[in-house]
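Take a look at the structure below.
Source: prediction; values computed, not measured. Throughout, protein chains are lettered first and strands after them, A, B, ... in sequence-line order, and every chain is numbered starting at 1.
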Number of protein chains: 2
Amino acid sequence: MPHKKIIRDLNLKVTSQRLLILEVVRNGPSHFTAQDVFESVLARNPEIGFATVYRFLRTLSEHSYVTEIRMGGMPARYEWAGKRHHDHLTCVSCANIVEFENTEIERLQEKVAKQFGFSLTDHVLELYGVCPECRAKESAAKAR
Amino acid sequence: MPHKKIIRDLNLKVTSQRLLILEVVRNGPSHFTAQDVFESVLARNPEIGFATVYRFLRTLSEHSYVTEIRMGGMPARYEWAGKRHHDHLTCVSCANIVEFENTEIERLQEKVAKQFGFSLTDHVLELYGVCPECRAKESAAKAR
DNA sequence: GTGAAAATGAAAGTCATTCGCAATTATCTT
DNA sequence: AAGATAATTGCGAATGACTTTCATTTTCAC
């Protein structure tokens, strides 16, 4: 979908800043913070304010164009929501993020909600661990 | 375990403020924010500082005496970690929290981590939905 | 083109949390 | 039990991630 159409779908005016933000969000790395986006955008247009980036990212996430993940303390991470639903497995040592999907877990979540009479609207599943590379490094360090 | 012993186990000095904080944490509601604790503690000792509560709660959570749950934006919620592991199902409408445990989900999480070669250290699973009471209210409101 | 309404940038404001530090206290040491 | 000593505290100021405000541009429907 062309970027202009996305903006119009949101009932917003098409501005150069919004186009630039979309450009960066869709062509950059898949996980990014508002700060990341702000910096990339700044490089191409030094006249942009970071409030504009925040504002637009918020709007995009409210309309499910991007997914916002807020884990305690640290800045919110975003990602373009085009792809299928998935959760994250994050390395606590190097911050590398792996995406996974597991329909079995999803199904069990629904089941739990139903058990308590809740209608499920959303969920957060974030796994934390040590990735293979960091595990290797750690055992190497221990052997030394 | 007596509160003094808990504090000594942490290699900390036994002070009246730490004892008071433990008192409040262990006898109050099971889920609480630092602000909640601060206010309860203030009622019994008006000479206590906010930072002291935060500092001690942080230490307690670092040593797994309490569990800290930080969801984006809002203040961190804590709970005494004595009980068995569980996750939360939170009502987005009235903020009521239901605890649940599901070993099947836990097992699948381990499996996912193993698939990617990670050793799992931690996880966050928070389900959001509308509780039975709020669902009833909502449909009543709609019918009006 | 024109003008009303929306968007923007810069700066100030929030809010939860953390820090710096001088004054106070708990726990040795003797 | 008194003093030494090192941790702890309360306060206010600092931080960091947003969020809002508002005067000034821009956009776009006519």
Over how many whole Å does the gap from Arg77(A) atom CZ to dC18(D) atom P extend? 12 Å
Any base atoms under 4.0 Å from Arg58(A), or only sugar-phosphate, or nothing? Heavy atoms, all strands. sugar-phosphate
Sub-3.5 Å donor-acceptor pair from the side chain of Arg8(B) to the main-chain atoms of Val14(B), do we have one? no
How many whole angstroms separate atom CD of Glu47(A) from atom C1' of dT26(D)? 14 Å
Which residue lies toward the 5' end of DNA chain C, Gln17(A) or Gln17(B), if each is placed at its nearest nucleotide? Gln17(A)
Assign Arg8(A) to base, sugar-phosphate, or nothing according to its heavy-atom contacts below 4.0 angstrom with the strands shown. nothing
Tell whether Arg18(B) reaches the base of dT25(C) with its side chain through a donor-acceptor pair below 3.5 angstrom. no
When rounded to the nearest 0.5 Å, the distance separating CD1 of Ile6(A) from CE of Met1(A) is 4.5 Å
Ile7(A) atom CD1 is separated from dA7(C) atom P, nearest whole Å, by 10 Å
Between atom CG in Asn45(A) and atom C1' in dT26(D), what is the gap in whole Å? 14 Å
Where the side chain of Ala51(B) is defined as all heavy atoms beyond and including C-beta, which of dA26(C), dA10(C), dC19(C) is the nearest nucleotide? dC19(C)
Distance from Glu79(A) atom CD to Glu99(A) atom CD, nearest 0.5 Å? 5.0 Å
Pick base, sugar-phosphate or nothing for Ala76(B), based on heavy-atom distances below 4.0 Å to the nucleic acid. sugar-phosphate
Working for salt bridge (Lys or Arg N to Asp or Glu O under 4.0 Å), residues Glu104(B) and Lys111(A): CA-CA 11 Å; Glu104(B) 189 68 16; Lys111(A) 194 174 151 194; over 6 Å; no
Roughly how many Å is it from CZ in Phe50(B) to P in dT17(C), rounded to a whole number? 8 Å
Atom-to-atom span, CD1 of Ile48(A) to P of dA11(C) - whole angstrom: 16 Å
Does OP1 or OP2 of dT17(C) have a side-chain N or O of Tyr54(B) closer than 4.0 Å? yes
The residue, Ser16(B) or Asn11(A), whose nearest nucleotide of DNA chain C is more 5′ is Asn11(A)
How is Gln35(A) classified with respect to the nucleic acid when contacts are heavy atoms under 4.0 Å: base, sugar-phosphate, or nothing? nothing
Quick test of your reading: applying side-chain hydrogen bond (donor to acceptor under 3.5 Å, both in side chains), list the pairs with at least one residue in residues 54-73 of chain A, sequence neighbours left out, ordered by first then second residue. Glu68(A)-Tyr78(A)
Does OP1 or OP2 of dG10(D) have a side-chain N or O of Thr52(B) closer than 4.0 Å? yes
Nucleotide dA29(D), atom P - distance to CG of Leu12(A) in whole Å: 13 Å
For Arg55(B) and dC19(C), is the shortest distance between a side-chain N/O and OP1 or OP2 below 4.0 Å? no
Answer yes or no: does a side-chain N or O of Thr15(A) lie under 4.0 Å from OP1 or OP2 of dA6(C)? no
Can you tell me how far C1' of dT8(D) sits from CG of Leu22(B), to the nearest Å? 15 Å
